[in-house]
Amino acid sequence: MTKIKRNSSIPKCRRLLSASLTTVAIAASVWRESSAFSTPSAPSSSTYDAIRGSLSLLDPVTGEALSPPILSPSSSTSIGKKSLVVLLPQLGEFDSAEYCEFLVAAEKSLEKNDIDLRVVGIGDATAAKNFCDFTGLPPEKLCIDLNGDLHRELNLHCGPNLLIPEGVSDNVLKFFLRQLPGGVPPEEGQVRPVASAWLNYLAMCAGIGAPGTLREILRGYFGDKEAPERFRDNDVVKAGFITIGPGVGPTSIGPLSYQQWFADEKGYQRPVELATVRLKNMVEVLTKWDEYVSNPLAISLRGATYLFDEEGEELYSYKSRGVLTYSETMPRPLAFLSPYIGDNLARNPLGLRDNGGGHLVRGRGILKPAGKAMKFLSFLFKTENELQARLLGAEDADYAAARKDVEGTISNNKIVVYTYALSPFSSEALAVLDEIGVDYENVQVGLEWFLLDKEKSVLRAVLLEMTGQSSLPHVFINGEHVGGLFTGSSDGKFPGLAGLKESGELQKMIDSESSAVS
């Protein structure tokens, strides 16, 4: 077992990125001649017997060897029970904490349905204590394997099997390792083996020999309508000068603070939501690297999941072949347990909101951040708005007539929308109302602001005077200006049409009676 001294002189995240890019450049020249990818062969004995009789598993509290059988139908704690065995990679690994959050949430239901949970992770007793404290996994459910011997016995994936060419000197490898958590091993003879393990791991992070990894990384950033929410409303993540939370909305980067554009959306895994969970796990590990990773030689080993019946017959198995691919169904990692613990819990063990984003989906997507960014141009639009009407010869009487027309329109209709025919924001605002199935009055101001005649320019200027909003669409409900599609009202009372829809307030306003409508 090799213990690596911690190198904290360079921020860990930046060093990981740098090393990952280096790995991609090196990888093309270091494929093993026999095969680009390693293909595990079937174990010589049954998986159940291999786990049950393993001599490499240790008690996570004492670090002492556990006496086989590790799994046994005849043991006092497992009589008449199925066995769910989860082999994790390093306890200090992206996959491990993320997967165990689901397992811990389902633990009581597993016990209730006579399924005995056993988790095996690579690490020592210190790593086990940190891991159990962080994830909430009961220590009695965990076994540790210092070197990943059981993983190797079961022929679990260990990367694309890249080899370091003999021509690459140890000095080059030491430079490579200095960019990584743990740094250079103290024993000279461990430099190449540790560098090889890191090379294979980082290659998998780059998608090399790791089916599904890149797709899963992208899913973490772009969101997933097929998955439930992943970040609780009171969760906060701090990573150096970055703070995210509470919830998915508030974000601070040093002195800069802002609200994520999707913060008001509910019921599905939103953009960067899962990536934020992974950032939390990364911060935990990188700040305690020496305590979590006792043997970097095992860093490329992947995990697996097995479900056995009461007699040790395999009911389900899945072997991970990449990073962040610990489940066959990543949007719902415990879906395979549906027949045993019920569909609802298996599909959403964390119990967070889960309706696929709901059936009302208009007013979302790429238009949303673009619409919210329009406020930075409001001063320019306001100045242009006022100037355009005057240059076209508008007089005070024109303004008075336009105001009277607007006031009459909004008093005679429950919902009024002033739009441009060519504006995607205007079209989407109408689509939001059409999706709900409500009647409204659409007043088309023109094709676009730069194509308006004097009359329409005055109308646009009057709307600015009445609302303080320079852009279209303008939405009035029950005689009140609620903003635009994504732009809130100037008094801060309403968040805009899309925001009202997300909060459920839009339907309440539509259903309410109002004296504004004659």
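Atoms considered below: every heavy atom in the structure, side chains included; atoms not considered: hydrogens, waters and symmetry mates. By convention here, the first residue in the shown sequence is residue 1.
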- Tell me yes or no: between the side chains of Ser512 and Asn478, is some donor less than 3.5 Å from an acceptor? yes
- With no hydrogens and no angle check, is any side-chain donor or acceptor of Ser490 less than 3.5 Å from a backbone partner on Thr467? yes
- Note on the structure: Here the ring pair (Phe, Tyr, Trp, His ring centres under 6.0 Å) pairs for residues 217-243, sequence neighbours left out, are none
- Query: What pairs with Ser457 under side chain to side chain donor-acceptor pair (under 3.5 Å), at least two apart in sequence or on another chain?
  - Reply: Gln388
- Polar side chain donor-acceptor pair, Thr325 to Thr213, under 3.5 angstrom: no
- Item | Option among Asn355, Leu352, Asp354 that satisfies the side-chain contact (heavy atoms from CB on, under 4.5 Å) test with Glu229 | Leu352
- Message: Check this for me: does any side-chain nitrogen of one of Glu328 and Lys319 sit under 4.0 Å from a carboxylate oxygen of the other?
- Response: no
- Can Glu98 and Tyr326 be counted as having a side-chain donor-acceptor contact under 3.5 angstrom? yes
- Message: Tell me whether Glu273 contacts the main-chain N or O of Arg270 through its side chain, where contact means a donor paired with an acceptor under 3.5 Å.
- Response: yes
- Are side-chain N/O atoms of Arg118 and Tyr306 paired as donor and acceptor at under 3.5 Å? no
- Message: Can you confirm whether the side chains of Tyr418 and Glu441 place a donor and an acceptor under 3.5 Å from each other?
- Response: no
- Item | Residue pairs, two or more places apart or on separate chains, that pass side chain to side chain donor-acceptor pair (under 3.5 Å) and touch residues 393-403 | none
- Message: Between Glu505 and Lys508, does any NZ, NE, NH1 or NH2 come within less than 4.0 Å of an OD or OE carboxylate oxygen?
- Response: yes
- Backbone N/O of Leu500 and side chain of Ser503: donor-acceptor pair under 3.5 Å: yes
- Query: For residues Glu284 and Tyr292, is any side-chain donor paired with an opposing acceptor at under 3.5 Å?
  - Reply: yes
- Note: Glu265-Lys368 ion pair, threshold 4.0 Å (strictly below): yes
- Could you verify whether a donor N or O on one side chain and an acceptor N or O on the other, from Tyr340 and Ser109, lie under 3.5 Å apart? no
